J.: 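Input: one structure, supplied below.
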Amino acid sequence: MVDLTRLNSAQHQAVTAPDGPVLVLAGPGSGKTRVLTLRIAYLVGARGISPDRLLAVTFTNKAARVMEERVSQMLGGQKQALDGIWMGTFHAMCARLLRREARDHLPIKSNFIILDSDDQESLIKRILKEMNINDKTVKPSSVHAAISTAKNELIDPQDYPSSNYRDQIVRRAYLRYQELLRENNAVDFDDLLLLSVRLLQANDVLRRHYSRRFQHVLVDEFQDTNTAQYELVRLLSSENKNLFVVGDEDQSIYRWRGADFRNVLRFEQDYPGCVKILLEQNYRSTQTVLDAARAVIDKNRDRTRKALFSERGAGEPIQFHEAVDDRAEAQYVVDTIVSMVASGKAKPGDFAVMYRTNAQSRLLEEAFLRSGQPYRLVGAQRFYGRREVKDLIAYLRLALNPDDELSLLRAIGVPPRGIGDRTLDGLRAVAAQNRTSPGQVLLSLGTLGEESPFWAAFRGRGAAMLADFGAQLAGWSSAAENIPLPILFDRILDEIAYREYIMDESEEGQDRWDNVQELRRIAYEYENRGLAAFLENIALVSDQDTVPENQEAPTLLTLHAAKGLEFAQVFIIGLDEGILPHSRSRDDPEEMAEERRLFYVGLTRAKDRLYLVRSLRRSSYGSYEDSLPSRFVEDIPAWLLKHSGQRRTSYTSRGFGAYSIGGYAPQDVTWAAGTGQAKPPSQQAGPVVQPRYQPNYRVRHPVWGEGLVVDSRIIDGDETVDVFFDSVGFKRLVASLANLEIIQ
């Protein structure tokens with residue numbers, strides 16, 4: 001018998017819901033996975049439904065494995081108790097369906113191959129070449145993204161709208177793309193969904209067969225379904241109508257992948273008699289975190305409001321820190337973590353640092369490395385290990401040292417120049433025969449042309465292509481000695497058309513360009529120090545062996561990567577307009593609503609402590625630009641926040657005058673002495689706190705050892721101490737966290 005005694009009333013209602021369509025809207029930390037696994041166990045163990053009559057769909061293979069293991073344990077630990085169940089991702093379930101039915105019903109054989117993303121893009125490049133279209137003018141990745149979107153929206157190639165020239169190219173490429181897939185007995189990931197839907201739509205016998213076989217269809221993360229996935233589960237449940245979906249429209253953050261949170265609303269319209277259950281009790285976070293999250297998400301429309309509550313109590317106030325600049329922002333994060341760990345209040349693995357874009361990890365990584373602290377980077381490569389960053393570093397190394405063969409071999413093929421492996425092998429062979437480097441051969445070809453002693457060693461076309469690159473290299477090498485690094489950086493970007501090479505209409509393309517811009521900002525910091533100093537710094541920072549894989553350490557990750565995870569203590573950095581919300585969302589209400597959901601997801605990852613961090617100014621190509629606080633922070637009630645750092649009195653932004661944190665103008669808010677916690681106007685502050693640490697005091701820190709107090713002041717009820725440590729130099733610390741001992 002399945003044990004349901006530990007469920008709350010809403011969870012129990014969901015697990016034991018009667019047959020028919022059921023919509024479970026599960027707030028963060030409300031036990032969604034537990035409810036879904038118990039529902040499966042309940043259907044098998046208590047209702048006697050055979051496992052082979054169940055279809056359970058997840059969004060990741062890991063989620064499917066975890067779910068199967070948990071259900072098996074609930075049914076007595078016997079894995080065979082679930083024999084026959086269809087459980088897995090949408091794509092895995094569709095592949096299984098298509099292989100079964102391909103021989104009789106599809107234009108492909110059952111042993112079809114599934115192309116990965118690189119294969120797909122290569123095919124698009126081939127098609128554009130066939131169409132005599134320059135892939136620098138029309139990006140293959142952009143064409144592929146348009147085709148993928150069309151398939152997810154169930155738009156076939158012959159129906160693709162072509163109201164302009166670009167659309168006409170996409171339509172022609174889409175038609176040819178599908179032809180080549182069929183010729184190669186291949187499908188892409190989107191085809192798995194599209195073909196399955198078309199199969200069930202076109203063949204009523206098959207639709208009835210599968211929808212009768214699957215007596216119950218269960219879907220996890222329903223808010224992340226796209227049009228094709230929604231139609232698929234509707235078809236597969238069309239006979240029995242036992243469709244059990246679990247999700248939360250407030251956590252729909254993958255719109256750029258085709259996810260449509262409106263499928264939740266569509267479900268209620270298509271199944272007007274459905275059972276709708278709200279899971280509102282949170283088992284993860286404190287009430288303070290939940291109140292802040294609700295205040296943020298309640299600004300969104302077209303959603304079901306949820307009264308999230310927790311029995312864990314109010315917990316700690318949310319720390320809102322405004323740093324002087326983006327470097328101080330990163331250092332504040334590291335210093336706070338070091339202090340909390342040194343004082344025994346937390347373990348390194350308790351912490352997560354979240355940000356909007358991958359490029360924001362760079363300053364964090366450098367701050368952790370300077371402090372000698374390990375960290376984990378999740379969901380992305382290290383900043384200096386990312387492809388686009390390594391590409392441009394290769395060009396800069398080559399400009400400084402044309403004999404650098406490793407950098408040459410990377411740079412000469414990115415972007416593609418038509419210089420193939422055979423030509424490169426010939427280049428290296430000629431260099432070896434003449435006891436010189438390939439770079440010197442290129443410089444000779446580039447500066448002397450046909451007068452070069454190496455020209456005759458290459459066929460005409462190969463010599464011309466190598467000479468073109470050699471001429472560029474000669475220009476960069478000369479410029480490296482004569483012009484500032486930022487100008488050299490921009491010149492290389494322009495001459496190789498790198499922006500056009502990496503940019504497309506996808507989120508990934510924008511992220512890659514953001515990383516290039518971040519590297520460009522670093523170059524501006526070395527304007528007066530030069531290329532050699534810049535590359536030396538890069539070499540030191542990018543040591544790949546810094547962090548052992550199995551070491552407990554703070555986790556660095558994007559807000560998108562944080563979904564589904566939880567941490568005892570969470571930092572969300574970069575809470576400035578243009579970063580979160582991202583500048584691209586400014587003129588699009590749908591994008592802005594998703595940015596708000598993204599922040600909501602980040603807030604609700606925190607179990608015990610939450611830190612919101614921004615900077616008053618950010619580096620921008622050698623200078624600083626003032627930044628405005630995120631509008632999302634304004635939505636959080638002031639009395640939930642504890643302020644620290646450099647606080648401005650008011651901001652003028654977005655055309656509505658004075659702007660203040662927490663919805664109160666500065667003159668209307670009092671910060672409670674000793675806590676820094678803001679109170680409504682009716683609650684006035686307590687007694688003034690006096691500094692404990694005076695200038696010229698000698699103090700001892702658990703990590704940095706002895707130092708001299710330079711200055712001390714009370715900021716918003718908390719003492720901030722400036723200390724010059726013998727070991728690491730100047731540090732600014734929050735006294736309540738620093739665990740300083742006065743020794744003289």
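What you see is a predicted model; the values in this text were computed from it and never measured.
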J.: Mind checking whether S361 and L377 have side chains closer than 4.5 Å, heavy atoms only?
T.: yes
J.: For residues 425-455, pull every pair meeting ring-ring contact (aromatic ring centres under 6.0 Å, His included), keeping only residues two or more places apart or in separate chains.
T.: none
J.: With a sphere of 6.0 Å drawn around CG of D587, does it hold more than 12 non-hydrogen atoms of other residues, nucleotides or ligands?
T.: no
J.: Side-chain contact test, heavy atoms from C-beta onward, threshold under 4.5 Å: evaluate it for L616 versus D626 and give yes or no.
T.: no
J.: Could you go through E322 and R614, starting from their C-alpha distance and side-chain angles, then the distance that decides it, and tell me whether this counts as salt bridge (charged side-chain N to carboxylate O under 4.0 Å, His left out)?
T.: CA-CA 5 Å; E322 293 187 276; R614 67 171 299 267; 2.6 Å; yes
J.: Identify, with sequence neighbours excluded, every residue that meets side chain to side chain donor-acceptor pair (under 3.5 Å) alongside D403.
T.: S437, Q440
J.: Hey, what do you get for CG (L193) to CG (N226), rounding to the nearest 0.5 Å?
T.: 6.0 Å
J.: Restricting to non-hydrogen atoms, name the atom on I502 and the atom on R387 that form the minimum distance, rounded to 0.1 Å.
T.: CG2-NH2, 4.1 Å
J.: At what distance, to the nearest 0.5 angstrom, does CD1 of I393 lie from CG of L398?
T.: 13.5 Å
J.: Go through the steps for R362 and E365 under the test salt bridge (charged side-chain N to carboxylate O under 4.0 Å, His left out), then give the verdict.
T.: CA-CA 5 Å; R362 195 265 301 180; E365 292 182 67; over 6 Å; no
J.: What's the separation between atom CZ in R172 and atom CG in L128, rounded to the nearest 0.5 Å?
T.: 9.5 Å
J.: Mind listing the closest non-hydrogen atom pair of P581 and M592 along with its distance?
T.: CB-SD, 3.5 Å
J.: Could you check whether any side-chain N or O of D588 sits under 3.5 Å from a backbone N or O of R584, counting only pairs where one atom can act as donor and the other as acceptor?
T.: no
J.: Just verifying a value: how many Å separate N401 CG and L535 CG, rounded to the nearest 0.5 Å?
T.: 10.0 Å
J.: Looking at residues at least two apart in the chain, or sitting in another chain, which of them share a side chain to side chain donor-acceptor pair (under 3.5 Å) with R586?
T.: none
J.: Which is it for I579 and L575 under the side-chain contact (heavy atoms from CB on, under 4.5 Å) test, yes or no, and what are the steps along the way?
T.: CA-CA 7 Å; I579 298 179; L575 284 168; over 6 Å; no
J.: Between K151 and Q178, is there a side-chain donor-acceptor contact under 3.5 Å, judged purely by atom types and distance?
T.: yes
J.: Excluding sequence neighbours, so at least two apart, what forms ring pair (Phe, Tyr, Trp, His ring centres under 6.0 Å) with F368?
T.: Y375
J.: Which residue pairs satisfy the side chain to side chain donor-acceptor pair (under 3.5 Å) criterion with at least one member in residues 418-436, sequence neighbours excluded?
T.: E405-R428
J.: Just jot down the ring pair (Phe, Tyr, Trp, His ring centres under 6.0 Å) partners of Y611, sequence neighbours excluded, or say none.
T.: F571
J.: Are any of the side-chain nitrogens in R618 or D576 under 4.0 Å away from the carboxylate oxygens of its partner?
T.: yes
J.: Under 4.5 Å between any side-chain heavy atoms of L466 and I419, yes or no?
T.: yes
J.: For a side-chain contact (heavy atoms from CB on, under 4.5 Å) check, start with the C-alpha distance between V570 and M354, then their side-chain angles and the critical distance, and finish with the verdict.
T.: CA-CA 7 Å; V570 168; M354 301 176 187; 3.9 Å; yes
J.: According to the side chain to side chain donor-acceptor pair (under 3.5 Å) rule, which pairs have a member within residues 443-453, sequence neighbours left out?
T.: S444-S452
J.: Below 4.0 angstrom, N of the basic side chain to O of the carboxylate: do E595 and R356 qualify?
T.: yes
J.: Looking only at heavy atoms, which two atoms of I253 and L559 are closest? And how far apart?
T.: CD1-O, 4.3 Å
J.: What's the shortest heavy-atom distance between L443 and G470, and which atoms?
T.: CD2-O, 4.2 Å
J.: Where do S142 and R166 come nearest, in terms of heavy atoms and distance?
T.: OG-NH2, 2.9 Å
J.: Just verifying a value: how many Å separate Y355 OH and L363 CG, rounded to the nearest 0.5 Å?
T.: 11.5 Å
J.: Nearest 0.5 Å, what's the CZ-OG distance between F599 and S630?
T.: 6.0 Å
J.: Could you go step by step and tell me if R176 and E130 meet the salt bridge (charged side-chain N to carboxylate O under 4.0 Å, His left out) rule?
T.: CA-CA 10 Å; R176 180 59 176 149; E130 287 179 4; 3.0 Å; yes
J.: Please check if any side-chain donor atom of Q120 sits under 3.5 Å from a side-chain acceptor atom of H144, or the reverse.
T.: yes
J.: Quick one: does any side-chain atom of Y395 pair with a main-chain N or O of F489 as donor and acceptor, under 3.5 Å?
T.: no
J.: Is the backbone of S371 close enough, under 3.5 Å, to the side chain of Q373 for a donor and an acceptor to pair up by distance?
T.: yes
J.: Report yes if some heavy atom in the side chain of V414 is under 4.5 Å from a heavy atom in the side chain of Y498; otherwise report no.
T.: yes
J.: Determine, stepwise, if the pair R397 / D404 fulfils salt bridge (charged side-chain N to carboxylate O under 4.0 Å, His left out).
T.: CA-CA 7 Å; R397 284 176 175 160; D404 183 348; 5.2 Å; no
J.: Would a distance-only check, ignoring hydrogens and angles, find a side-chain to backbone donor-acceptor pair under 3.5 Å from S478 to A474?
T.: no
J.: Work out which heavy atom in A479 is nearest to a heavy atom in R491; give both atom names and the distance.
T.: CB-NH1, 3.5 Å
J.: For R255, enumerate each residue passing the salt bridge (Lys or Arg N to Asp or Glu O under 4.0 Å) test, keeping only those at least two apart in sequence or located in another chain.
T.: E591
J.: Whether the S615 and D326 side chains hold a donor-acceptor pair (N or O, under 3.5 Å, no angle test) is what I'd like checked.
T.: no
J.: How would you list, by chain and number, every residue that makes a salt bridge (Lys or Arg N to Asp or Glu O under 4.0 Å) with D490, sequence neighbours excluded?
T.: R520
J.: For the residue pair S252 and D224, establish whether any side-chain heavy-atom pair is separated by less than 4.5 Å.
T.: yes
J.: Check whether the side chains of W513 and E388 place a donor and an acceptor atom closer than 3.5 Å, and report yes or no.
T.: no
J.: Quick one: list whatever passes side chain to side chain donor-acceptor pair (under 3.5 Å) with D350, sequence neighbours left out.
T.: none
J.: Within the structure provided, determine whether L396 and L488 are in side-chain contact (heavy-atom separation under 4.5 Å).
T.: yes
J.: Among residues at least two apart in sequence or on other chains, which ones pass ring pair (Phe, Tyr, Trp, His ring centres under 6.0 Å) with F90?
T.: F59
J.: Is the shortest side-chain heavy-atom distance between N358 and D514 below 4.5 Å?
T.: no
J.: Under a 4.5 Å cut-off applied to non-hydrogen side-chain atoms, are I496 and R417 in contact?
T.: yes
J.: Please answer whether the main-chain N or O of V601 pairs with a side-chain N or O of R597 as donor and acceptor at a distance below 3.5 Å.
T.: no
J.: With sequence neighbours excluded, what pairs up with Y177 under the side chain to side chain donor-acceptor pair (under 3.5 Å) test?
T.: D188
J.: Could you go through K139 and Y501, starting from their C-alpha distance and side-chain angles, then the distance that decides it, and tell me whether this counts as side-chain contact (heavy atoms from CB on, under 4.5 Å)?
T.: CA-CA 8 Å; K139 298 288 294 178; Y501 170 63; 4.2 Å; yes
